[in-house]
Structures are given as structure tokens and as C-alpha cells.
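In each ligand, atom 1 is the first atom listed, and ligand 1 is the first ligand listed. Remember, predicted model here, so these are calculated numbers, not experimental data.
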Amino acid sequence: MQLLSATRSLNSQPLPFLSFSHSISLPLPLPFLPNPSKSPHFPSLQIHCIDAAQPFDYESHLKTRYIQSTSLKIGILGFGNFGQFLSKTFLRHHHTLLAHSRTNYSDVANQLGVSFFSDPNDLFEQHPDVVLLSTSILSTEALLQQLPFQRLRRNTLFVDVLSVKEFPRNLFLKYLPPDFDILCTHPMFGPESGKDSWAGLPFVYDKVRIGEEESRVRRCDKFLDIFAKEGCRMVEMSCMEHDRYAAGSQFVTHTMGRVLEKFGVESSPINTKGYETLLNLVENTKGDSFDLYYGLFMYNQNALEQLERLDMAFESIRKELFGRLHQVYRKQLFGDQEQEEMDEKFSQKLLGNGSLIQPPLDNVRQEGS
Ligand SMILES: O=C(O)C(=O)C[C@]1(C(=O)O)C=C[C@@H](O)C=C1
């Protein structure tokens, strides 16, 4: 079947959804195109015929319609490393992005195809569907206190991607107008761990407050879909549960990374695989700001307990090591019988008050000398 298309000559726009092709004379009437000889608006319209152009155009038309129906206007507050990292993927999913940050990131934003606003008033006047907080944990409350919510549409969806969850949840509930929807999320990855792919990486979310209207439910789902389509492992859990798990995993990871950095691990010519893992851990933790680490500690109520557990675990390991060492010395000095008695006493002491028993090395040496 021969299908029709049209082009207009220089200085004019191509007609929407019509393709270019080679010219052939037209025996058919064209009810949907203006007659070039009669129309003053299309002075030099040329009519062309092509094969099989229409299905292609129809497809692209459908695609455009699909993108329009699934695309969101997302305003990102905080356009540092993490905000930029997320934007790249959001853009691939054809969402429209607006950004605001204290620092002027207009050049980076331009390069990415994101509209940058140095004033949040201007961004909010664009009426984003979603406002995404990608701020540091420490600056979040100060920012929320200053935002001109009145410039937004009445039921805007607020989302955060902070590494702690109860804290932003409570701030949202405190500062956002009651009509706004709230989705708290935590992508358990970042610019380093998610640089090649997000496939299989956990994405935690809690629909804290989503209105019942279909459009609001759909808007939230469209946002979550970005991560689902990237292959993330979608984990719905309460903010409280998240913080409990994250203190025992992410916070402990960052702590160990920082401890080892202070300790001064260095590559050697005979690195084991395990040691390389430690070196990588230090590298990864170094890449994250101390503000992030401090935020993980200060704004997750489970973090202190985990720090204390780490301390206790370290002491316990020391005790185990020095306990054995002590046994070896006693055995050398007093033989097996004495050793058995000592073993019993020693383990009772350990179990008793759990306090650290200093290795009696000096005593042993003195006794032996
Ligand atoms: O990939 C990175 O760059 C990260 O540091 C990601 C990392 C982490 O691994 O702790 C840091 C912050 C986010 O909350 C999630 C994960």
C-alpha cells in the first residue's frame, strides 16, 4: 500500500508525524492535507508518496504518547553527587528534570539536560509532579523550613533518598502541608556501587502517605517504576525497620572503613583477596563525606547501639586471644595439672563480669625469671 507524506520547503516546519520521501505524482485526493495551490499558508507544499512510512510514524507517535503519559516533572532539591547520579537515569526514562541547589550547578545541569534554578521559588512555580530531596542528612531540616510550599500544586508528591529514614519521615510529616503525598526511599547504592548498573541492587521504600485518588497512586507508582525498570530489588519496608537494618549494615560498614583508614591499611605485594576487599572498603568509604557518616550516626537511633556492640566485639576477640596466650604460658611454666585449674578460674572470670582481663604477661615473665 502506498502511503502519503508531505514536506514543506525551506523556512517552514515539517508537518508533524509525516515523513520525507521521494516525489511521485499523486493520483489520490488528499482530504487531510491542504491543497498547495489554494492554501496561502502552505505556499510551496510538495506532496510525496512513500512505501510503509505510516506504520513507522504511527509507532513513533504511539511512543511519544506513551512517554508523555508515563513521564513526570521531577524537581530535585540538592544537586550534588547523588542528585546528579540519579538524574542521569531519570533522564533516560524521559522524565523532565528541574534542579535546585545552594551551590550553582547550572553548568553541570545544562550538560545533562536539567533546568537549574538558583531560587526554589522559581522551581516550584514550574509545578513539578514530584519534589525529590537529595540533600545531605544534616541540611535537610533547614531546607524544609525555608521552602515556599505555597507555590506548588496542592497535592505534590515529596520523596527523599536519604540514608536514614525515620528522620526525613518525621520532618515531612512535620513541615509538609497535609495535602502533600510522602514517599520515603533509600536506594541502597550510589555513584560508586551503582555506576554500571542498578540491576539486583536493593531499593527500599515506604509509602508514608499517598492519597487514595487514582492519579496520586499512579504518580507514586510511576516514580517507583524508574527503579523497578532498572532492575532494582524493590523492598517495601517501614522507615523504622529500615533504620534498624541499616544501622547494623551500612553504618557498621562505614565505621569499619573509617577505622581501617585511620589504622592505615596499605596495599602490599602479597595482598590476599580478603585484604583487597578491605582496601576497597576503605576506598569506598573515603569517597563518601564525613557528613554522611555523621548523619548515619546522629539521625539513626540504632547507630549508637551498633557502635557499642562493635566495641564489645573487639574486646571479646582480644580476650579470646589473650586468654589463649595466657594458657600457653601457664602450661609452659606449671605443667598440665596447674593449667587445668587455671583454665577453670580464668574462664569463670571471663564469664563473670565480662570485664577485660589484662594478659598477665609481665607477671609470667617475672615469675619465670
Ligand atoms: O556507591 C556509593 O558511592 C556509596 O557510597 C553508596 C552508599 C553506601 O554504599 O554506603 C552510600 C550512600 C547511599 O545511602 C547508599 C549507599
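Under the 30°/60° scheme for interplanar angles, the aromatic rings of Phe167 and Tyr299 are found to be tilted.
Near Pro187, the atoms of ligand 1 lying under 4.0 angstrom from a non-hydrogen atom of the residue are 15 (C). For ligand 1, the atoms sitting less than 4.0 Å from at least one non-hydrogen atom of Ser193 are 1 (O), 2 (C), 6 (C), numbered in the order shown with element in parentheses. With ligand atoms numbered from 1 in the order given, ligand 1 contributes 13 (C), 14 (O), 15 (C) to contacts under 4.0 Å with heavy atoms of His186. If you number the atoms of ligand 1 from 1 as listed, the ones under 4.0 Å from a heavy atom of Ser163 come out as 12 (C), 13 (C), 14 (O).
Taking every heavy atom of both residues into account, Leu152 and Phe180 meet most closely at CD1-CE2, 3.8 Å.
When hydrogens are left out, the protein atom nearest atom 5 (O) of ligand 1 is Asp288 OD2, 2.7 Å; that is the closest non-hydrogen contact. Looking only at heavy atoms of the protein, atom 10 (O) of ligand 1 is closest to His254 NE2, 2.6 Å. Regarding atom 11 (C) of ligand 1, its nearest protein heavy-atom neighbour is Gln250 NE2, 3.6 Å. Among all non-hydrogen protein atoms, the one lying nearest atom 6 (C) of ligand 1 is Gly190 N, 3.5 Å.
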Going through the checks in order, is the side-chain contact (heavy atoms from CB on, under 4.5 Å) test met by Lys207 and Leu224?
CA-CA 10 Å; Lys207 294 178 180 177; Leu224 291 173; 3.8 Å; yes

For the pair Tyr293 and Phe251, evaluate ring pair (Phe, Tyr, Trp, His ring centres under 6.0 Å) and give the outcome as yes or no after the intermediate values.
CA-CA 7 Å; Tyr293 180 55; Phe251 173 68; 5.5 Å; yes

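Within the 4.5 Å cutoff, the side chain of Val204 has heavy atoms near those of the Met188 side chain.
For the pair Gly194 and ligand 1, the shortest N or O to N or O distance does not fall below 3.5 Å.
Here the CG atom belonging to Leu304 is positioned 4.5 Å from the CD atom belonging to Glu308, to the nearest 0.5 angstrom. Between Tyr175 atom OH and Glu141 atom CD the span is 3.5 Å, to the nearest 0.5 Å.
Using a 4.0 Å cutoff on heavy atoms, Pro191 counts as a contact of ligand 1.
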